[in-house]
Structures are given as C-alpha cells and as structure tokens.
Amino acid sequence: MTALRPQKGKQALAAKMKVDVMIYGGSAGCLDNKTEFLTSNGWKRLDSYVDGDDVMVFEEETNSFRLEKPQEYINLPCKDMFRLTGNNLDMVVSEEHCLLYWDADDLPCETILLDSAEDIDNNPEKYKFKNEQGEVLYVKHIDYFVPEDSRKYCFNVSTGYFLARRNGQTFITGNSGKSRLLLLKAGYYAHTDSNFEGVMFRRTTKPLSAAGGLFSEAKKLYRPLGIDVREQSMEIFFHGQGGSSKDRRGGNLKFTHLEHEKDAEGNHQGLQYSFIGFDELTHFFQSQFLYLIGRMRSAAEGDSFCLATTNPAYNSWVYNWVSYYLKDGI
C-alpha cells in the first residue's frame, strides 16, 4: 500500500467548523475521463456523454440493474484524483466521491474516499466492493493520480448508484455531493451527544424516502455506528459511544419535508433543534429558512447550528446570501 491518501480539504473543514449558519456549495465527487458507463448501445467513456444517453443504474434495495436517464451530468475541472486498484479492480475517483461497499454482514454501506482512505489502506478486507456479477473486489493499492484532461465526470441518478468500468474492470459506484456533508456533520454530533436533536429537510417527502434519497442514504451511512430506525416517521436514533438499543447514549435525527410555505411555522412552532439541515436551499422559501433558524436552541452540549447545501442559481433568493463569496459568478 502507498502512503498517498486524500487530504481532508474544504469538506472536512466544513464538517468540523463551528458556526451558527453555513450555506455550503460545491460539486459532487467524480471519476476520470477513461471511466466508462453502460448505455443501451454499449459502453461509453464519461467524457463522451451526450444529452439523451441512458445509464445503467443499480438499485440496492432490489439488488437489480436498469437503464434510466441521469438527473444530472457533471463535468468539472479537477487536478487531483486517486486510483484504487486490486484484483479485477481499477477505479479513479476524486476525494469527495461516494464509494458503495458491503460490510462483514454483507450489508451495503457508503463512505467518502477522503473519510476512509486510511482505513481502506490499513484494513482493505472491511471494504467489499462489487461488480454486476456480485463478485467481491478488494483494494490493494491507493495511488495519487493526475487526470490527463484535468477534469472529473459523474452522474446523479435516482438510485444513487450506477455501473462503471475502467480498463475492462467493472464496479458499482455511487453519486456523491453536498448532501453527504449534511449527513456527516449531523451524524458526528448525534453519535456523541445524547441531547442532540436534529432535523433535515427536503422540499417534498419523496426525495427523502426514495432510493438514493437522504433518509435512505443516512441509514446506510450510519449503520456501522449503531442505530435504531423508525421507518414510518423517518427517524434515526443513535446508540452512541458505548451504547446499545437498550441503553441509548446518542441523539436523534428526523427527516421531513416543507412542501408548503406555511409548513415551517405550522409544523415546527415551539420546537427546538440542535441542528437544522436544508438539502438544496433554493428549493425552499426564504421565509421557511428564516423561521427555522429561529428554532436553533436545545439542551445539547454544543451550540445549535444550521447547515444548508445549494447550487445557488443567480435568480434565486439564495444567491443574494452567497454572492459575496463567489468567484466570477461561479
């Protein structure tokens, strides 16, 4: 194994930084231009994607594959990536990329490369990657990699995962993006503080509970920590450090919607939260955002905080909040 590992950059800084309100923008973790995706007409390189191409996606809940049009195609500048290789495995990813793996109980889990590179390096047997045949793939080497075109590519698909191939070796990989920071930051505090009470919002319910949605992804991400899940109410209770289902020492997170403008005050009046998360802030009303950040007070050990992710469209109300920090309007 090599000592080269991703450096914990702005995402880790954002996860650890203590502020009252943070609006986090950025792009998804991605793959290099030589990685291929499977279409109805065969394999294509990611840098050859054209609007209208379909993508072979993986449905984790049914362990099946299907073709669909991607929700988003990502093509962005990138200078630094990492190459993970092993027997029948070759993947080049940016440090923010989401890796889908199966644990010792053969349950699907997720991690971001920058968070797990050292552990993958030291304990590769813990991370069972798979291909479309269900064959287990292990990482033997992690090496620094410079993409030849200085760009990175990826898709956002409804299931959160798609089939990829590099140098003839196939593997299932995941979406990655700003939403993961919501889960990482909230999960850290919920795991360590029994008084922590958090809430995460999407504008409507379906993106929360659907495959690849925030609630679905949270269950996979938090599973190794020890959690109890209430499916109907979309709540996650953390066992906490040294805790268990019968002796919970962690906090809780609730996932819900704000479909109507009045829902912020109507459903949350008088409530208090340690953490409030908005996934894609431009989808909400400014009045909802302002009302909810007024609910930031609780008995948790640390100060209450709000974290929102966004692609700040120039014609949205969010743009006025973040335009000072943008470079050349990007």
Side-chain angles (χ1 to χ4, degrees), residues 1-17 24-37 43-49 73-102 109-131 135-156 161-181 183-185 221 327 330:
M1 290 286 190
T2 176
L4 289 171
R5 302 188 182 100
Q7 299 301 305
K8 296 178 184 285
K10 66 177 183 179
Q11 190 160 1
L13 179 64
K16 296 178 181 179
M17 187 181 296
Y24 184 82
S27 60
C30 298
L31 308 158
D32 77 328
N33 66 327
K34 290 186 177 180
T35 301
E36 300 171 302
F37 66 101
W43 291 96
K44 290 185 66 173
R45 281 174 41 148
L46 280 168
D47 59 356
S48 299
Y49 170 83
Y73 172 61
I74 299 161
N75 177 351
L76 292 167
C78 181
K79 295 182 179 179
D80 303 308
M81 303 186 84
F82 294 85
R83 188 176 185 182
L84 285 64
T85 55
N87 292 340
N88 301 318
L89 177 66
D90 185 359
M91 64 173 85
V92 172
V93 301
S94 61
E95 64 177 14
E96 312 94 343
H97 192 67
C98 171
L99 301 174
L100 174 66
Y101 70 97
W102 281 257
C109 301
E110 292 183 352
T111 187
I112 293 177
L113 180 61
L114 65 83
D115 291 313
S116 299
E118 185 172 356
D119 197 37
I120 294 173
D121 198 11
N122 295 328
N123 304 288
E125 70 284 349
K126 287 174 54 179
Y127 298 85
K128 298 190 295 184
F129 301 102
K130 292 186 178 182
N131 58 22
E135 297 172 336
V136 175
L137 313 170
Y138 292 105
V139 174
K140 288 191 174 182
H141 301 282
I142 302 178
D143 300 289
Y144 180 69
F145 186 89
V146 178
E148 63 179 18
D149 61 349
S150 299
R151 302 194 72 81
K152 60 181 182 178
Y153 307 84
C154 204
F155 297 112
N156 281 325
Y161 314 109
F162 64 97
L163 184 65
R165 183 175 76 171
R166 195 174 191 281
N167 285 335
Q169 309 298 334
T170 57
F171 56 92
I172 302 169
T173 192
N175 291 346
S176 178
K178 302 172 296 298
S179 301
R180 189 50 47 95
L181 181 62
L183 300 178
L184 288 172
K185 193 173 181 75
L221 184 67
K327 180 180 179 181
I330 300 176

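When T173, T111, I172 are each tested for a side chain to side chain contact (heavy atoms under 4.5 Å, CB included) with L100, only one passes: I172. With D32 as the partner, the salt bridge (charged side-chain N to carboxylate O under 4.0 Å, His left out) test is satisfied by one option alone out of R151, R166, K152: R166.
Applying the ring-ring contact (aromatic ring centres under 6.0 Å, His included) criterion to Y101, with sequence neighbours excluded, gives Y127. Take Y73 and apply the ring-ring contact (aromatic ring centres under 6.0 Å, His included) test, not counting sequence neighbours, and it matches Y49, F155. With sequence neighbours left out, the ring-ring contact (aromatic ring centres under 6.0 Å, His included) criterion links F171 to no other residue.
Side chains of V93 and L84 form a contact here, defined as non-hydrogen atoms less than 4.5 Å apart. Looking only at side-chain heavy atoms (C-beta outward), N87 and Y138 stay at 4.5 Å or farther from each other. Side-chain contact between V146 and E148 is absent, with no heavy atoms from C-beta onward closer than 4.5 Å. Put simply, the side chain of L46 reaches to within 4.5 Å of the side chain of F37, judged on heavy atoms. Between F82 and L113 there is a side-chain heavy-atom pair separated by less than 4.5 Å. Side-chain atoms of L89 and Q169, non-hydrogen and from C-beta on, never get closer than 4.5 Å to each other. Put simply, the side chain of E135 does not reach to within 4.5 Å of the side chain of K130, judged on heavy atoms. T35 places none of its side-chain heavy atoms less than 4.5 Å from the side chain of M91.
Around the NZ atom of K128, the shell of radius 6.0 Å holds more than 12 heavy atoms that belong to other residues, nucleotides or ligands.
Distance check: C30 SG to E95 CD gives 12.0 Å after rounding to the nearest 0.5 Å. Here the OG atom belonging to S150 is positioned 9.5 Å from the CG atom belonging to D80, to the nearest 0.5 angstrom. Atom CD of E36 is separated from atom CG of N167 by 8.5 Å, given to the nearest 0.5 angstrom. The distance from the NE2 atom of H141 to the CG atom of D143 is 7.5 Å, given to the nearest 0.5 Å. Rounded to the nearest 0.5 Å, atoms SG (C109) and CG (L221) are 9.0 Å apart.
Judged by distance alone, with hydrogens and angles left aside, the side-chain atoms of T170 form no donor-acceptor pair with the main-chain N or O of R165 at under 3.5 Å. For the pair H97 (side chain) and L31 (backbone), a donor-acceptor distance under 3.5 Å is absent. Of the possible polar contacts, none joining the D121 side chain to the A117 backbone as a donor-acceptor pair under 3.5 Å is found.
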message = One pair to check against side-chain contact (heavy atoms from CB on, under 4.5 Å): C154 and F162. What are the steps and the verdict?
response = CA-CA 10 Å; C154 204; F162 64 97; 4.0 Å; yes
task = Evaluate the criterion side-chain contact (heavy atoms from CB on, under 4.5 Å) for residue pair L137 and N131; output intermediate values, then yes/no.
result = CA-CA 8 Å; L137 313 170; N131 58 22; 4.3 Å; yes
ask   = Given N33 and Y153, is the side-chain contact (heavy atoms from CB on, under 4.5 Å) satisfied, shown in steps?
value = CA-CA 7 Å; N33 66 327; Y153 307 84; 3.4 Å; yes
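In plain terms, the two heavy atoms of G174 and Y161 that are nearest each other are CA-CD2, 3.7 Å.
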